[in-house]
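Structure first, commentary second.
Labels below follow one simple rule: chain letters A, B, ... track the order of the sequence lines, proteins then strands, and each chain is numbered from 1.
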Number of protein chains: 2
Amino acid sequence: MPFSNLESRRFKSIAIADLAFPAREGGYSKGHETREQILSSALHLLVEEGYSALSMRKVAATCGLKIGNLTYHFATREELIRALLDALISAYEVEFDAILQFTDEAPEERLAEVCGLILEDIRTKKTTHVFPELWALSNHDPFVLERVQELYTRARRSLLEIIRELRPDLSPQCHEDLALFISASMEGLTVFAGYRKPFEGRMDQLERMAIQSFLRIVQIYQPASS
Amino acid sequence: MPFSNLESRRFKSIAIADLAFPAREGGYSKGHETREQILSSALHLLVEEGYSALSMRKVAATCGLKIGNLTYHFATREELIRALLDALISAYEVEFDAILQFTDEAPEERLAEVCGLILEDIRTKKTTHVFPELWALSNHDPFVLERVQELYTRARRSLLEIIRELRPDLSPQCHEDLALFISASMEGLTVFAGYRKPFEGRMDQLERMAIQSFLRIVQIYQPASS
DNA sequence: ACCAATTTAGGACACTTGACAAGGTTTGTC
DNA sequence: GACAAACCTTGTCAAGTGTCCTAAATTGGT
């Protein structure tokens, strides 16, 4: 029963910062403050009411600003939203890069750990609410598509390393495919067992099942013979 | 190599109707025609430009109607969208119910078949574009959440039957969890290997991998000992 | 052929949206 | 304390939104 020691995780949880702001250059500190306040309010609005609620006026109202002031900091809605997505996605990337540091345990343990962390994040309101919006947007906005896929590329990196270790006999392409499949499987659970979803309560069992399943497929997978 | 006979599928593809319209009752036939035309145009708009493009005026323009006429058939935008989602989701449900008829082969084969059909559907533009919108909407609209989850309940039915057959020793709850996990895994691939997604070209390998993985986890899964 | 039920046309209303411009206020620096 | 850059307020604009209303045209059954 190699999967039962979830409680012994070295990293009990990840606390992904809401947003990662780029280092400031120029301008007064007050300006940067309000800029961050704007993006925070925008994120809050996105999480609570969805993408369609992200109007300039609502954002301005949420953080107690006049519209004119908002357009001073972000001239267009487009600009604001791009800045928001950048800060949002960067925050996840920072965290995923940190996960890459886990190198001292057996690969089986690390797989369980990484998957556990991701599945834990999926249950948060922020992730459950934001990512479906991003997925939907990416269908019509190449910028979003590219940014989101770049995020997932980073998310797969830690999986890739583990898979390589477990199956050095497979081709890099196979490693990629396995990491992709595992990552996609977990993302899919968002819709069913994410925050306030019907099967939120079954996430513990699903996590056990998922990790068990992922470990198995990595161990036994054989690419098509042809 | 029990998974290699994808080409021997009995049902080479499913052609999910775009929309399933309820039987008409009362009214002239012309009225029903335009009603269906409206919903078809709305679906087209939803797929091509996303949910935010679903304005009354755009829908009216797309099917060459005046706004006044559109509001005659659907008094409010809300009403139109609900009718659209109903027709849309019904179309999938009709198809999923049809899959339940596959009962003459071995459960292993049927699992591969059902998963193959679902993964095939995921690659269509319609499904790739519509479902992320639905997932996003379901976060803020209980009506959509309920309708979507009802759809997935039906989608899992065929999986449930197969899993029951393969593992009669497990509890119904375990059967549910397995079906849920498998279904969620496949849905997750939408974002990565759906229509015009970066890994669309790897869907064949992913499908093999998925089916292989799903069969294994069903065969070996053991619930937590406690 | 008629007529009532149904469908279409066209426009009007009140409101929100993103964007802009011109002026006023704060902030840091010399 | 002057001065310029940064920041904020206020008001306005055209375009787009959902909803409603009235009158004309079409339809299907008699």
From CG of A:Leu80 across to P of C:dG18 the rounded distance in Å is 10 Å

Across all chains, not counting sequence neighbours, the side-chain hydrogen bond (donor to acceptor under 3.5 Å, both in side chains) partners of B:Ser185 are A:Ser185

Here the distance between atom P of C:dT7 and atom NE2 of B:His32, to the nearest Å, is 7 Å

Note to self: For A:Phe214 and A:Phe181, take the angle between the two ring planes, folded into 0 to 90°, and tell me which bin it lands in: parallel under 30, tilted 30 to 60, perpendicular over 60.
What the structure shows: perpendicular

B:Tyr51 meets the ring-ring contact (aromatic ring centres under 6.0 Å, His included) criterion, sequence neighbours left out, with none

Between CG of B:Asn69 and P of D:dG18 the distance, given in whole Å, is 16 Å

Applying ring-ring contact (aromatic ring centres under 6.0 Å, His included) to A:Tyr221 and not counting sequence neighbours gives none

Heavy-atom nearest nucleotide on DNA chain D taken for A:Tyr72 and for A:Gly68; more 5' hit belongs to A:Tyr72

What residues 38-48 of chain A contributes to the DNA chain C interface at heavy-atom separation below 4.0 Å is none

Taken in chain and number order and not counting sequence neighbours, the residues that satisfy salt bridge (charged side-chain N to carboxylate O under 4.0 Å, His left out) with B:Lys125 are B:Glu48

Across all chains, not counting sequence neighbours, the salt bridge (charged side-chain N to carboxylate O under 4.0 Å, His left out) partners of A:Arg156 are none

side-chain hydrogen bond (donor to acceptor under 3.5 Å, both in side chains) filter on A:Thr62, not counting sequence neighbours, yields none

ring-ring contact (aromatic ring centres under 6.0 Å, His included) filter on A:His140, not counting sequence neighbours, yields B:His129

Would you tabulate the nitrogen or oxygen pairs shorter than 3.5 Å linking the protein to nucleotides 14-17 of chain D?
{"unit_1": "D:dT17", "atom_1": "OP1", "unit_2": "B:Ser55", "atom_2": "OG", "d": "3.2"}

Separation of D:dC20 atom P from B:Glu78 atom CD, nearest Å, is 13 Å

